[in-house]
There are 2 protein chains.
Amino acid sequence: MASTAAFAATAALAGDPTRAAMLLALMDGRALTAGELASVAGVTPQTASGHLARLVEAGLLVVEAQGRHRYHRLASPLVARMVETLISIAGETQAPPVRVGPRDAALRHARTCYDHLAGRVAVGITERMVATGALVLGDDGGELTGSGQQLLLRIGIDVPAPGRGRRAFCRPCLDWSERRFHLAGVVGSALLDGLLALGWLRRTAGSRAVTVTPAGEQGVRGAFGFDPRASAGPETSLRRGA
Amino acid sequence: MASTAAFAATAALAGDPTRAAMLLALMDGRALTAGELASVAGVTPQTASGHLARLVEAGLLVVEAQGRHRYHRLASPLVARMVETLISIAGETQAPPVRVGPRDAALRHARTCYDHLAGRVAVGITERMVATGALVLGDDGGELTGSGQQLLLRIGIDVPAPGRGRRAFCRPCLDWSERRFHLAGVVGSALLDGLLALGWLRRTAGSRAVTVTPAGEQGVRGAFGFDPRASAGPETSLRRGA
DNA sequence: GGGATGCTTCGGCGCAGACCGAAGGATCAC
DNA sequence: GTGATCCTTCGGTCTGCGCCGAAGCATCCC
């Protein structure tokens with residue numbers, strides 16, 4: 001085998017609770033300082049420092065020094081995808097360990113997932129786009145149709161051409177809270193950026209949660225035919241995913 | 001957060017070298033007995049038993065008792081996908097740790113990857129299909145075109161209709177040895193099954209390696225315009241993927 | 001029935017590694 | 001320069017867990 005050892009080492013890195021907390025904290029795509037990550041993970045700076053060094057050395061994170069701060073972020077979308085997959089599996093298999101709190105409620109409603117939008121709002125928009133033929137989704141592959149492209153262009157979101165590049169253009173991403181799919185890849189990323197630029201969504205400080213502005217409620221309803229407030233509905237309960 | 005603990009626990013499960021060896025051994029989709037897995041991982045049966053119990057309890061494996069044997073296999077394609085992703089990252093980031101041997105050479109040439117074909121032959125076929133318009137691949141999403149469907153039908157492989165089902169229909173899977181994409185999902189699975197049924201490929205005992213039969217060399221060349229023997233060429237060297 | 005095989009549970013050993021306190025650069029503000 | 005932050009390295013402690021030997025069930029064969 002090429003290397004069971006390398007495989008195990010990589011998984012083990014993500015398998016420590018402290019490092020796991022760090023990886024999850026970086027899932028919104030931002031870069032955080034070593035101190036912030038220490039705080040997020042609930043350990044002292046010197047402990048965090050050791051963990052971060054290992055994550056960087058293994059290529060899961062990249063670090064950029066800026067003055068006396070050292071900013072860490074996920075090394076690549078591939079790493080984000082690994083984290084996503086692990087979240088899916090963990091959610092899939094574990095019984096709900098603790099009661100969900102109000103903070104979780106906000107996250108379930110709308111949040112960033114690395115570089116795209118996740119949560120009920122994201123799932124709702126995605127499913128409406130599929131229903132109206134703006135989007136074709138298999139389970140792991142997808143395509144933005146001509147009408148979809150026009151739909152986005154109409155609200156001022158210009159999606160770059162597919163191209164043969166190495167970056168995923170359009171793909172579904174399993175939503176850990178909804179167990180249904182939302183939109184990721186280049187299209188998903190452009191969508192999030194666009195909605196933020198339009199002022200329809202606003203990031204919240206210190207959290208991956210995203211709030212829908214009043215303008216956003218109206219805009220999303222008009223453009224996608226989906227009411228973001230409707231997403232306060234009952235829990236979905238799809239047990240077995242993909 | 002939903003559960004850092006569950007996330008870390010799942011990753012930690014895959015992070016132990018012994019369990020990692022077991023997961024990798026199950027990646028060809030077959031079910032193996034506890035004893036076989038103990039042997040693969042190089043531990044005593046009682047040690048293996050403990051590990052397997054934990055993997056089953058976490059939902060990564062499912063077990064089926066048959067007489068005095070207990071057959072274990074991956075619980076779902078989602079788990080296989082997690083393993084794939086980890087393999088990609090491990091290969092991506094680690095410097096090649098040891099010299100590759102002849103056993104690796106066979107694996108690099110053609111092997112099964114859970115339920116589909118991987119290795120140079122798989123990558124070659126996939127890329128030829130893309131070049132001839134039988135297949136459209138983004139980076140994470142894909143589509144089998146009408147001409148692709150006909151191509152497969154012509155050699156006797158009937159791909160089930162896409163459908164809206166939860167199973168991935170057609171998607172690229174990053175090949176750990178080639179760092180390029182091969183075909184996975186329903187189409188990839190149907191392709192592997194078809195080529196085995198045609199007698200073009202043959203599984204080897206005790207390994208994920210697959211050999212191309214003489215009939216297979218001719219058939220693949222004729223059907224896909226790709227010469228499996230040509231894949232003994234120089235190493236590819238794509239450094240940074242996705 | 002008796003014996004072989006496959007797997008599990010129990011108990012104890014030993015090591016990897018996660019943690020923190022203390023101390024040592026590096027960079028910024030003044 | 002002095003002092004304050006931010007981060008790292010070093011040393012030492014301690015827990016968690018991976019491992020095996022021994023023993024106990026279950027299943028199959030004869």
Side-chain angles (χ1 to χ4, degrees), chain A residues 3-26 30-58 60-73 97 206, chain B residues 3-26 30-58 60-73 90 94 97 206:
Chain A
S3 190
T4 6
F7 172 92
T10 305
L13 279 176
D16 174 77
T18 300
R19 288 189 296 262
M22 292 173 168
L23 289 173
L24 289 170
L26 292 170
R30 285 178 308 172
L32 300 180
T33 67
E36 288 169 330
L37 287 167
S39 157
V40 164
V43 292
T44 59
Q46 63 268 33
T47 299
S49 178
H51 287 302
L52 290 171
R54 293 182 57 182
L55 288 168
V56 169
E57 208 230 343
L60 296 189
L61 301 185
V62 290
V63 61
E64 193 177 343
Q66 215 168 96
R68 53 186 164 180
H69 297 277
R70 299 186 37 121
Y71 285 92
H72 300 259
R73 61 185 169 76
Chain B
S3 191
T4 13
F7 172 93
T10 306
L13 237 29
D16 173 76
T18 300
R19 287 189 296 262
M22 292 172 169
L23 289 173
L24 289 170
L26 293 169
R30 285 177 308 172
L32 300 182
T33 67
E36 287 169 331
L37 287 167
S39 156
V40 163
V43 293
T44 60
Q46 62 269 33
T47 299
S49 177
H51 287 303
L52 290 170
R54 294 181 57 182
L55 288 168
V56 169
E57 207 231 342
L60 296 189
L61 301 185
V62 289
V63 61
E64 193 178 343
Q66 212 168 100
R68 53 186 166 181
H69 297 277
R70 305 198 14 129
Y71 286 92
H72 299 260
R73 61 184 168 78
Q94 314 269 339

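Here is the naming used below: chain letters follow the sequence lines, and residue numbers restart at 1 for every chain.
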*Asks:* Can you tell me which nucleotide in C/dG21, D/dC20, D/dC19 comes closest to the side chain of A/Thr44?
*Replies:* C/dG21
*Asks:* Rounded off to whole Å, could you give me the CG-to-C1' distance for the A/Leu61 and D/dC7 pair?
*Replies:* 16 Å
*Asks:* Would you kindly give the CD-to-P distance between B/Glu64 and D/dT27, to the nearest whole Å?
*Replies:* 15 Å
*Asks:* Would you please confirm or rule out a distance under 4.0 Å between OP1 or OP2 of D/dC20 and any side-chain N or O of B/Thr47?
*Replies:* yes
*Asks:* Could you tell me whether the side chain of A/Leu23 reaches within less than 4.5 Å of the side chain of A/Leu13, counting heavy atoms only?
*Replies:* no
*Asks:* Whole-Å distance between D/dG16 C1' and B/Leu13 CG?
*Replies:* 15 Å
*Asks:* Compare the minimum distances between each of D/dC7, D/dG18, C/dA18 and the side chain of A/Arg54, then state the nucleotide with the smallest one.
*Replies:* C/dA18
*Asks:* Out of C/dC20, D/dC7, C/dA18, which nucleotide sits closest to the side chain of A/Arg19?
*Replies:* C/dA18
*Asks:* A/Met22 has an atom CE; how far is it from atom P of D/dC7, in whole Å?
*Replies:* 11 Å
*Asks:* When you compare the side chain of A/Arg54 with that of A/Arg19, does any pair of heavy atoms fall below 4.5 Å?
*Replies:* yes
*Asks:* Taking only side-chain N and O atoms of A/His51, does any of them lie within less than 4.0 angstrom of OP1 or OP2 on C/dC19?
*Replies:* yes
*Asks:* More 5' along DNA chain C: A/Arg68 or A/Gln46, using each one's nearest nucleotide?
*Replies:* A/Gln46
*Asks:* Is there a side-chain contact between B/Leu52 and B/Val63, using heavy atoms and a 4.5 Å cut-off?
*Replies:* no
*Asks:* May I have the distance from A/Asp16 (atom CG) to D/dC17 (atom P), rounded to whole angstrom?
*Replies:* 11 Å
*Asks:* Can you tell me how far C1' of D/dC6 sits from CG of A/Leu32, to the nearest Å?
*Replies:* 15 Å
*Asks:* Nearest to the side chain of B/Pro45 - D/dC19, C/dT8, D/dC20?
*Replies:* C/dT8
*Asks:* Do B/His72 and B/Leu32 have side chains that get closer than 4.5 Å, going by heavy atoms?
*Replies:* no
*Asks:* Is the distance from OP1 or OP2 of D/dC19 to the nearest side-chain N or O of B/Thr18 less than 4.0 Å?
*Replies:* yes
*Asks:* Nearest whole Å is fine: how far is D/dC6 C1' from A/Leu37 CG?
*Replies:* 13 Å
*Asks:* Can you tell if the side chain of A/Val40 reaches within under 4.5 Å of the side chain of A/Leu24, non-hydrogen atoms only?
*Replies:* no
*Asks:* How many whole angstroms separate atom NE2 of A/His69 from atom P of C/dA29?
*Replies:* 9 Å
